[in-house]
Amino acid sequence: HVQLVESGGGSVQAGGNLTLSCVASGNAFPGTCIGWFRQAPGEPREGVASIHGDGGTTYADSLKGRFTISKDSAKNILYLQMNNLRPDDTAMYYCAAGPLFAGLGPAGYKYWGQGTQVTVS
């Protein structure tokens with residue numbers, strides 16, 4: 001049974017930084033594409049960043065290098081470092097796990113966490 005639990009969200013001023021964490025159980029990481037997504041009220045869920053089964057990473061072009069995804073496989077923890085946050089980064093952030101080449105498409109992911117709120121003012 002795969003479970004994903006996010007933490008690290010909060011309210012910050014524009015220009016601030018946050019690091020989100022996602023703890024996984026149920027052997028979710030091996031042979032799996034894992035990633036971060038976000039969803040603002042009334043908007044569709046969008047991909048932020050992902051780590052593919054081969055270790056490669058993909059980022060949304062709009063982030064312009066401000067976000068960094070990483071994982072600690074030994075501890076089954078996924079991280080998202082967010083720098084120079086802007087008000088339009090405000091959203092609920094989710095971690096997810098899916099097939100090997102799921103990429104940044106939400107429909108390709110099978111398991112989802114409950115989300116952690118990030119608010120930038």
Side-chain angles (χ1 to χ4, degrees):
H1 180 66
V2 175
Q3 291 184 308
L4 305 172
V5 181
E6 304 96 334
S7 63
S11 181
V12 299
Q13 296 183 57
N17 308 319
L18 283 175
T19 298
L20 307 182
S21 300
C22 174
V23 178
S25 63
N27 198 33
F29 288 176
T32 303
C33 186
I34 50 177
W36 288 98
F37 296 79
R38 66 186 185 183
Q39 187 170 26
E43 300 293 332
R45 189 166 299 185
E46 64 175 353
V48 173
S50 68
I51 297 179
H52 310 279
D54 63 0
T57 58
T58 300
Y59 294 91
D61 290 340
S62 62
L63 297 180
K64 299 180 180 179
R66 293 185 296 114
F67 291 8
T68 302
I69 188 171
S70 62
K71 68 176 181 179
D72 185 332
S73 296
K75 298 181 179 180
N76 288 328
I77 302 176
L78 180 70
Y79 299 99
L80 182 67
Q81 181 179 323
M82 305 185 294
N83 298 326
N84 193 25
L85 286 162
R86 299 156 50 179
D88 60 0
D89 293 320
T90 295
M92 184 73 74
Y93 283 72
Y94 302 87
C95 65
L100 185 63
F101 301 111
L104 295 180
Y109 288 79
K110 184 177 182 179
Y111 303 104
W112 294 84
Q114 294 181 339
T116 183
Q117 178 68 38
V118 173
T119 301
V120 185
S121 61

Closest heavy-atom contact between [X] and [Y]?
X: Pro99; Y: Gly108; value: CD-O, 2.6 Å
X: Arg45; Y: Pro106; value: O-CG, 3.5 Å
X: Leu78; Y: Cys95; value: CD2-CB, 4.1 Å
X: Gly9; Y: Leu20; value: N-CD2, 3.6 Å

(message) Check for me whether the distance between the ring centres of Trp112 and Phe37 falls short of 6.0 Å.
(response)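 That pair passes the under 6.0 Å test.
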
If we ignore hydrogens and angles and just use 3.5 Å, is the side chain of [X] paired with the main-chain N or O of [Y] as donor and acceptor?
X: Tyr59; Y: Arg66; answer: no
X: Thr116; Y: Tyr93; answer: no
X: Asn17; Y: Asn84; answer: yes
X: Glu6; Y: Gly115; answer: yes

Separation between [atom1] of [X] and [atom2] of [Y], rounded to the nearest 0.5 Å:
X: Met92; Y: Glu43; atom1: CE; atom2: CD; value: 15.0 Å
X: Leu104; Y: Thr58; atom1: CG; atom2: OG1; value: 5.5 Å
X: Leu85; Y: Gln13; atom1: CG; atom2: CD; value: 11.5 Å
X: Ser21; Y: Lys71; atom1: OG; atom2: NZ; value: 15.5 Å
X: Asn76; Y: Ser25; atom1: CG; atom2: OG; value: 8.0 Å
X: Leu80; Y: Ser70; atom1: CG; atom2: OG; value: 8.5 Å

Does any non-hydrogen side-chain atom of [Y] lie less than 4.5 Å from one of [X]?
X: Met82; Y: Val48; answer: no
X: Asp89; Y: Phe67; answer: yes
X: Tyr79; Y: Thr68; answer: no
X: Cys33; Y: Tyr109; answer: yes
X: Ile34; Y: Leu4; answer: no

(message) Quick check on the hydrophobic clustering: are Leu63 and Val12 connected, directly or via other members, by side-chain heavy-atom contacts under 4.5 Å?
(response) yes

(message) Counting neighbours of CD on Gln117 that are heavy atoms of other residues, nucleotides or ligands and sit closer than 6.0 Å, is the number greater than 12?
(response) yes

(message) List the residues meeting salt bridge (Lys or Arg N to Asp or Glu O under 4.0 Å) with Asp61, not counting sequence neighbours, and say none if there are none.
(response) none

